[in-house]
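Everything numeric here is computed off the predicted structure, so don't read it as measured data.
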Protein chains: 2
Amino acid sequence: MKMDYEASAILYQLLCLNKQISPKFERCTGISPARLELLHLLFEVDEISQTVLQKEVHIDSAAITRHVQQMEVAGMVERRRNPEDQRVTFVKLTELGREKILAFRQEKEIFTKQLLKDFSGDDKTRIAELLSRMQDNIREL
Amino acid sequence: MKMDYEASAILYQLLCLNKQISPKFERCTGISPARLELLHLLFEVDEISQTVLQKEVHIDSAAITRHVQQMEVAGMVERRRNPEDQRVTFVKLTELGREKILAFRQEKEIFTKQLLKDFSGDDKTRIAELLSRMQDNIREL
DNA sequence: GGTCAATGATTGACGGGTCAACTATAAATG
DNA sequence: CATTTATAGTTGACCCGTCAATCATTGACC
């Protein structure tokens, strides 16, 4: 049936598009999408625990640990234990981190603008809607 | 500006959706999307060189080598050198491979059906169109 | 025909993600 | 109060992709 062929093709398109976006995003902006997402969150919250971070970004806590460790080495982030609960560690942008993220965000804007070139406002709301319906559809798989 | 916020959000949605699709696809169908794509191709061509395979699937030749090696161990695939050119190796589905892929494809159909649940024909053509426009937009980055 | 470049495949190192096992701390329960 | 259970983070093993280096084979060119 034609329906199922189309459905397969759409899934394929999605996977393909993503495979192209990630490396290009990184080449254009100088940072991986996931890590920028992390920084972006840190930019807004001042100080945050890794668990909360993990839930916001939807990646594994192991991945969070590694990202944060590397960013710490790069001097973009500081960590400290929560005195009230020694289990949790707070993460916070350094001054250097705050500076750098501004540059990254500009690059990201340029990138997203290119990605959605010639998209009308209607196109944008439409795609956002369709994507989130897909997300809902597979939520409980 | 609101525009740029939306654009960012759409990129984020795309990345997120993909991050959810891949593991769920694998859990539901029993195989990773990339590998199923490989099998799918092999299903149609009978015998094919790894280079051609690589160009069709758009992944690195190193990745192809590893996939094919593992599938060979699993008994789903056979390989042989091209007698006319010892550099190229042909890959071919075994009987077991042909049997298995049928089951995988059924699972995949179920999965894609769920992914696009409640999508009208118009929704599908629309999303396909929007996705391919994005693809075009970043082609030469 | 011998050298040199191009091609196909493989391997190793790396980035980024998952899951499972583990440690340390805190909270709950008897 | 001691034991158990839950939570936060870390680490190791693995999958999947990239790039760079390597090897064997083939083809081209002097």
Side-chain angles (χ1 to χ4, degrees), chain A residues 15-39 47-74 77-92 141, chain B residues 14-39 47-74 77-91 141:
Chain A
L15 297 168
C16 246
L17 181 57
N18 235 271
K19 214 154 45 184
Q20 294 171 328
I21 283 179
S22 297
K24 286 178 179 177
F25 182 94
E26 186 153 1
R27 198 162 53 241
C28 291
T29 66
I31 194 172
S32 76
R35 190 160 297 185
L36 183 51
E37 184 61 28
L38 277 178
L39 287 175
E47 202 170 39
I48 191 174
S49 85
Q50 292 191 191
T51 307
V52 178
L53 208 50
Q54 180 237 314
K55 277 168 190 151
E56 295 280 339
V57 184
H58 299 110
I59 60 180
D60 197 53
S61 62
I64 294 285
T65 294
R66 285 163 190 139
H67 276 298
V68 171
Q69 281 174 344
Q70 286 179 255
M71 296 197 297
E72 194 178 27
V73 170
V77 132
E78 282 171 356
R79 293 198 287 171
R80 67 181 186 101
R81 281 286 174 76
N82 179 354
E84 270 108 59
D85 183 344
Q86 292 286 114
R87 292 172 302 181
V88 344
T89 82
F90 287 141
V91 188
K92 185 179 177 173
L141 289 183
Chain B
L14 263 174
L15 296 168
C16 241
L17 180 57
N18 235 271
K19 217 154 42 186
Q20 294 170 327
I21 283 180
S22 296
K24 286 177 179 177
F25 182 94
E26 186 154 1
R27 198 163 52 244
C28 292
T29 66
I31 194 170
S32 76
R35 190 160 297 184
L36 184 51
E37 184 62 28
L38 276 179
L39 287 176
E47 201 170 39
I48 191 174
S49 86
Q50 291 190 191
T51 307
V52 177
L53 208 51
Q54 179 238 316
K55 277 167 190 153
E56 295 280 339
V57 184
H58 300 112
I59 61 179
D60 197 52
S61 63
I64 294 284
T65 294
R66 282 160 192 141
H67 276 299
V68 171
Q69 281 174 344
Q70 286 178 258
M71 296 196 297
E72 195 179 25
V73 170
V77 132
E78 281 171 354
R79 292 199 287 172
R80 67 181 185 102
R81 281 287 173 76
N82 179 354
E84 271 108 58
D85 184 344
Q86 294 286 115
R87 291 171 303 182
V88 344
T89 83
F90 287 142
V91 187
L141 287 183

Contact list for DNA chain D against residues 19-33 of chain B - heavy-atom distance below 4.0 Å: B:Ser32
Interatomic distance where [atom1] belongs to [X] and [atom2] belongs to [N] [whole Å]:
X       : N      : atom1 : atom2 : answer
A:Ile59 : D:dC16 : CD1   : P     : 19 Å
B:Asn18 : D:dC16 : CG    : P     : 15 Å
A:Gln69 : C:dG16 : CD    : C1'   : 14 Å
A:Leu15 : D:dG17 : CG    : C1'   : 13 Å
A:Gln70 : C:dG15 : CD    : P     : 6 Å

Flag side-chain contact, heavy atom, 4.5 Å: B:Val91 against B:Met71: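 A side-chain contact under 4.5 Å is absent here.
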Give me the distances for all protein-to-nucleotides 23-26 of chain D N/O pairs that come in under 3.5 Å?
| residue | atom | partner | partner atom | Å |
| --- | --- | --- | --- | --- |
| D:dT26 | OP1 | B:Gln86 | N | 2.9 |

N or O in side chain of [X] less than 4.0 angstrom from [N] OP1/OP2:
X       : N      : value
A:His67 : C:dG15 : no
B:Thr89 : C:dA9  : yes
B:Arg79 : C:dG8  : no

Residue mapping more 5' on DNA chain C - nearest nucleotide basis, A:Arg35 or B:Ile64: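 The answer here is B:Ile64.
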Atom pair CD1 (A:Ile59) and SG (B:Cys16), whose distance is rounded to the nearest 0.5 Å: 10.5 Å
Value rounded to 0.5 Å, distance of CD1 in B:Ile64 from NZ in B:Lys55: 11.5 Å
Stretch residues 49-56 of chain B: residues that reach within less than 4.0 Å of DNA chain C through a heavy atom: B:Gln50, B:Thr51
Residue list, side chain to side chain contact (heavy atoms under 4.5 Å, CB included) with A:Ser49, at least two apart or on another chain: A:Thr51, A:Val52, A:Val88, A:Phe90
Residues which pass side chain to side chain contact (heavy atoms under 4.5 Å, CB included) with B:Ala74, listed by chain and number, not counting sequence neighbours: B:Met76
By side chain to side chain donor-acceptor pair (under 3.5 Å) - contacts of A:Thr29 (at least two apart):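 Here no residue qualifies.
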Summary of ring pair (Phe, Tyr, Trp, His ring centres under 6.0 Å) pairs that have at least one residue in residues 15-39 of chain A, sequence neighbours excluded: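 Counting only pairs at least two positions apart or across chains, the ring pair (Phe, Tyr, Trp, His ring centres under 6.0 Å) contacts touching residues 15-39 of chain A are A:Phe25-A:Phe111.
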Look for any protein N or O under 3.5 Å of an N or O in nucleotides 12-14 of chain C and output each such pair with its distance, or none.
| residue | atom | partner | partner atom | Å |
| --- | --- | --- | --- | --- |
| C:dG12 | N7 | B:Arg66 | NH2 | 2.7 |
| C:dG12 | O6 | B:Arg66 | NH2 | 3.2 |

Closest contact, heavy atoms only, B:Ile21 versus A:Leu15: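 The answer is CG2-CD2, 4.2 Å.
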side-chain hydrogen bond (donor to acceptor under 3.5 Å, both in side chains) contacts in which one or both residues fall within residues 17-28 of chain B, not counting sequence neighbours: A:Gln135-B:Gln20
Determine all donor-acceptor pairs shorter than 3.5 Å in which one atom belongs to a side chain in residues 30-37 of chain A; sequence neighbours excluded.
| residue | atom | partner | partner atom | Å |
| --- | --- | --- | --- | --- |
| A:Ser32 | OG | A:Arg35 | N | 3.3 |
| A:Arg35 | NE | A:His67 | ND1 | 3.0 |
| A:Arg35 | NH2 | A:His67 | ND1 | 3.0 |
| A:Arg35 | NH2 | A:Gln70 | OE1 | 3.4 |

Sugar-phosphate, base or nothing in reach of A:Ser61, heavy atoms under 4.0 Å: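 It contacts base atoms.
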Salt bridge (Lys or Arg N to Asp or Glu O under 4.0 Å) contacts in which one or both residues fall within residues 78-90 of chain A, not counting sequence neighbours: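 Listed by first then second residue: A:Glu47-A:Arg80, A:Glu72-A:Arg79, A:Asp85-A:Arg87.
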